[in-house]
Structures are given as structure tokens and as C-alpha cells.
Amino acid sequence: MEVKNVKGTRDIFGKDSTSFQYVESVMKAVAELYGFDEMRPPVLEHSEVFVRGVGEGSDVVRKEMYTFLDKGGRSLTLRPEFTAGIIRTIVQNKLYATADLPIKQYYSGPVFRYERPQLGRYRQFNQFGVELVGANNPTLDVEVIVLGYTILATLGFTDVTLKINTLGDDKSREDYKAALKDFFSQHIENMCPDCKSRYELNPLRILDCKVKEDQEIVRHAPKINEYLSEEAQERFEKVCRSLELLEIPFEVDDTLVRGLDYYSETVFEFHYTSKKGQNYGAIGAGGHYDKLVSEFGGPDMHGVGFSFGIERVVNVMSDDEILPDNPNPLINYLIPLTEDENDAALMIATALRVAGYRTEICLDGTKLGTMIKKAVKKNAKFAIIIGESELEQNSVLVKNLSTSEQELVGAGDLIEYIDSILESEKHECECCGDDCDCDCDGDHEHCCCGHHHKKED
Ligand code: AMP
């Protein structure tokens with residue numbers, strides 16, 4: 001029987017897996033720099049976590065959740081997003097009472113949405129994001145936006161479009177929803193069935209409709225900024241001023257409302273079109289929320305967060321060739337010439353790995369030339385040949401595969417020898433300016449920074 005992967009899921013292996021790991025590691029490292037810690041909520045939650053958290057009016061809850069009854073008859077859902085689960089965890093564990101406020105968490109992992117698979121849209125995909133909970137301050141909205149922007153800059157993105165908008169406070173939104181209801185009442189008869197239920201549940205969601213004819217009607221709908229209270233207006237202006245001060249370029253997009261119901265005040269999206277013109281939609285998005293914590297039985301607390309779609313980030317980086325070729329290169333490829341040298345190879349490999357060097361042993365036992373070719377194919381830095389005569393001298397033969405030079409090195413001096421060669425090859429990289437040991441030689445296409453652009457870009 002031929003069994004294939006489920007529609008909308010992807011097998012991630014080989015180079016793709018390396019790219020995912022690289023992107024996630026940069027995202028985590030930058031979030032740590034901003035003082036965030038990791039949280040790993042379960043993939044499975046009681047369905048009401050999302051129904052109440054994300055909102056009954058959202059497309060995610062109405063149409064896209066993987067919901068099922070378990071053998072005990074409970075309605076469970078595979079998480080379609082992280083925020084609701086993170087807030088449920090914070091409230092259930094009363095972190096707001098024991099942890100310093102604001103609580104700052106980052107997360108990474110798979111989410112599930114029953115959507116029509118297409119470019120950049122999967123049914124199982126991965127998100128990385130952050131939540132900052134327990135303080136209400138527009139400066140924290142900015143802090144979170146800057147974190148997202150810095151992650152993209154660190155990954156090598158230039159020309160990211162940051163779109164921001166405000167959904168205002170409760171009063172602004174209630175007034176706006178009333179205005180939308182009034183406006184759509186003359187059109188709703190001719191709109192799609194989804195919009196008809198959105199009209200009843202939450203007219204704001206009509207603004208996300210993807211049906212062309214409906215979008216034309218939406219174009220003429222009233223805009224939120226006409227309904228903002230003075231406080232909401234001031235708060236948004238503060239956010240814009242801080243972003244300007246930090247020289248983070250942004251566009252105010254008064255049509256941006258986000259698809260999840262919990263947002264209030266500041267909302268934002270990061271957009272990027274690849275150099276070939278491929279637009280994957282938003283690569284990351286987020287905003288401020290003020291009811292989620294109390295919705296789950298916690299105190300009245302605000303939060304702000306964002307989420308990146310890792311597949312989309314990897315896809316655009318791959319299109320624009322800004323992924324590093326080999327972020328975790330193989331340093332040593334050990335070649336015992338016969339079985340008699342296998343144990344020595346195991347011991348030497350252990351020492352090299354303890355010293356932090358990625359190391360493999362070749363147990364093929366074929367011709368030396370064939371095994372060296374394999375080392376070259378694996379892009380190893382050194383082939384370390386272990387034969388009878390070398391072992392008699394308690395040594396190994398180290399071949400530097402980038403220079404083809406080879407040297408007999410005492411087994412006890414091997415790590416120091418590898419350290420010194422790698423150290424001597426470090427230079428101030430002409431491309432990224434880092435003290436690194438890549439062979440780019442000013443050839444920006446091959447710089448270890450992976451950014452593939454000139455320093456002056
Ligand atoms: P959201 O949780 O809807 O705000 O989405 C956050 C980010 O997740 C988006 O900006 C996308 O990058 C990504 N994303 C959302 N839906 C999908 C999907 N079906 N497939 C892949 N990535 C997605």
C-alpha cells in the first residue's frame with residue numbers, strides 16, 4: 001500500500017530542516033536578547049480555549065480547527081495558534097501572581113488549520129512568536145514590534161514592510177462595529193454566506209473577506225480611524241512616534257484589522273515580497289489584546305504579541321538566497337583505514353565532539369581516495385586519517401581539505417592543532433564585518449553570514 005503525507009502537511013528534511021533550524025535559532029536568540037523565556041504549551045487543548053480565546057466570529061474557529069471528540073467524549077482541538085494556549089497556561093499556573101510582570105514568553109512549534117493549501121498556506125505549519133503579558137503601555141507594543149523587526153533584520157531581510165493600525169479601545173470598536181453593521185445592512189443580502197454569518201457574529205471580520213465582489217463593497221466601508229476615542233488616538237500616535245524615533249519604517253494601513261477576535265488597540269503585520277516578485281502574504285503578524293487573561297479567569301491584564309510563519313520566512317529567504325549555505329558545517333571526518341583502527345577513531349571522535357567540533361567517522365573501509373572524496377562531498381574541513389603506521393607513532397594524519405595541506409599530529413595535540421588552524425583562518429569578513437572563518441573572500445554569495453549582500457547594502 002502506498003501511503004502519502006496528509007494534504008497540506010510537508011515533510012521537512014535535509015536542507016529544509018537545516019534552514020528551519022537556522023531560522024528558529026536566530027528567532028530564539030533575538031527573543032532571549034530581549035529578555036523573553038521559552039514556554040511550551042501542549043498541542044492539544046480543550047476546544048473552548050480557542051472558541052473563547054480566538055473568538056467564535058473568526059474564520060479560524062468557524063471553519064479551520066481540527067476538532068474531535070477523544071475516547072472520553074471531550075471536545076479537543078489541535079492548536080490553530082499559540083496565544084490562547086499561552087494565556088490559558090499563564091492563568092492556570094497563576095504566573096501573573098508569582099512571576100515578575102510583565103511575563104515575557106516566546107514559543108515555537110506546529111499549528112494546524114484546515115485551510116485550502118496553496119502557496120505559503122499549509123494545514124500544518126510552524127509558528128514562532130512572543131507574548132508579553134501583564135502591562136498596558138504603548139511602549140511595550142513598540143518593544144514587541146521592534147523585536148519582530150530585529151529578528152527579520154538579523155535574518156538578513158532588507159525592505160520589510162511593516163503595516164500598523166489601531167483597532168482602538170472598547171468604545172471605539174463598539175462604535176465602529178455599529179457603523180459597519182449600518183453600512184453592510186444595505187449590502188449583506190448580496191454578499192457571500194460567510195459574510196452573512198460574520199455580519200451576525202462580528203462585522204469586523206467582514207473586512208477580511210477574500211471574495212472579490214465582497215472586497216469591492218468592503219473598499220467603501222467606513223474606516224476605524226473615524227471612530228477612535230481620543231485616548232485610543234493618542235495611544236496610537238505614541239506608538240507611531242516611538243517607531244519614527246527608532247527609525248523603523250512603517251505604513252499606517254487603515255484596512256488592517258487581523259483575523260483573530262482578541263486584538264484591541266495596536267495591530268501590525270510584516271510583509272515581504274521576494275526579489276522575483278513572489279508575495280507570500282504576511283510573514284508575521286500580531287497586536288495588543290486586553291480581554292484574553294480575564295476571559296480565562298485571570299485578572300484584568302493586557303498583553304501584546306506576534307507570530308511568524310516559519311515556512312513563509314524560510315520560503316522567502318530561499319527565494320532571495322539569503323539562507324546560509326551551511327550554518328553548521330562538518331569539521332572533522334575521521335577515516336580509520338582498517339577495522340583495527342575503529343576503536344582509536346571512536347576515542348578521537350569523542351574527544352573532538354567534547355571539544356565542540358562536529359565530527360563523523362567513516363566506517364566504509366574502502367580505498368582512501370574514495371573516503372577522502374566522501375569527506376569533500378560532505379564539506380568537511382578536515383579529513384583525519386588513522387592508519388596502523390600513524391597509531392604506532394600515537395599520531396593521526398590531518399588533511400586540511402580547503403588547502404590540501406596535510407600534517408602528522410600527535411593524538412594528544414589534535415584539539416589544540418584544530419583550534420589553532422581554525423583560529424588562524426579567522427579574518428574580518430569583508431561581507432558581514434564579523435570575525436569569522438568563512439571562505440567568502442569578499443565573495444558575498446558565499447559568506448557564512450548568509451546575507452548575500454554587500455556590507456554597504
Ligand atoms: P496568525 O496567527 O493568523 O496571525 O498568523 C501569523 C503568521 O502565521 C502569518 O503571518 C503567516 O506567516 C503564518 N500563517 C498563517 N496561516 C498560515 C498557513 N495556513 N500556512 C502557513 N503559514 C501561515
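Bear in mind that the values here come from a model prediction, so they are computed numbers and not experimental data. Every number for a ligand or one of its atoms is a count from 1 in the order of the listing.
- Remark: ligand 1 and Y263 share no N or O pair separated by less than 3.5 Å (distance only, no angle test).
- For atom 22 (N) of ligand 1, the nearest protein heavy atom (residue, atom name, distance) is F125 CD1, 3.3 Å.
- Not a single heavy atom of E269 lies less than 4.0 angstrom from ligand 1.
- Residues Y272 and F157 bring their aromatic ring centres within 6.0 Å.
- For atom 19 (N) of ligand 1, the nearest protein heavy atom (residue, atom name, distance) is E115 OE2, 2.7 Å.
- Per-residue contacts place G120 under 4.0 angstrom from the following atoms of ligand 1 (heavy atoms of the residue considered): 20 (N), 21 (C), 22 (N).
- Nearest non-hydrogen protein atom to atom 6 (C) of ligand 1 is Q127 NE2, 3.4 Å.
- The side chain of R258, and not its backbone, has at least one atom closer than 4.0 Å to an atom of ligand 1 (non-hydrogen atoms only; side chain from C-beta on).
- One distance of note links CG of L243 with CZ of R241; it measures 11.5 Å at 0.5 Å rounding.
- Under 4.0 angstrom from ligand 1, the non-hydrogen atoms of Y122 come from both its backbone and its side chain.
- Nearest heavy atom pair, residue A232 against residue D169, reads CB-N, 3.8 Å.
- The ring of H187 has its center closer than 6.0 angstrom to the ring center of F183.
- Where the criterion is an N or O separation shorter than 3.5 Å, residue side chain and backbone included, S307 fails it with respect to ligand 1.
- In this structure, Y107 has its ring center under 6.0 Å from that of F82.
- Residue-to-ligand polar distances place R113 within reach of ligand 1: an N/O pair is separated by less than 3.5 Å.
- Ligand 1 has an N or O atom lying under 3.5 Å from an N or O atom of I283, backbone or side chain.
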Quick one: do D208 and V257 satisfy side chain to side chain contact (heavy atoms under 4.5 Å, CB included)? Show the steps, please. CA-CA 8 Å; D208 303 328; V257 288; 3.2 Å; yes

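- Contact between R121 and ligand 1 is present, with at least one heavy atom of the residue lying under 4.0 Å from the ligand.
- In terms of N/O distances under 3.5 Å, ligand 1 is approached by G309.
- The aromatic rings of F270 and Y149 sit tilted relative to each other, their planes meeting at an angle between 30° and 60°.
- Looking at residues two or more places apart in sequence or on another chain, you find no side-chain hydrogen bond (donor to acceptor under 3.5 Å, both in side chains) involving K15.
- Annotation: F308 places no N or O atom under 3.5 Å from an N or O atom of ligand 1; distance criterion only.
- Residue contact check: A282 has heavy atoms under 4.0 Å from atoms 9 (C), 10 (O), 11 (C), 12 (O) of ligand 1.
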Practice prompt. Take F382 and L401 through the test side chain to side chain contact (heavy atoms under 4.5 Å, CB included) and record every step on the way to the result.
Written response: CA-CA 5 Å; F382 302 104; L401 294 173; 5.9 Å; no

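- Atom numbering of ligand 1 starts at 1 in the shown order; those under 4.0 Å from a heavy atom of G284 are 10 (O).
- Every ring pair (Phe, Tyr, Trp, His ring centres under 6.0 Å) that Y66 has, sequence neighbours left out, goes to Y114.
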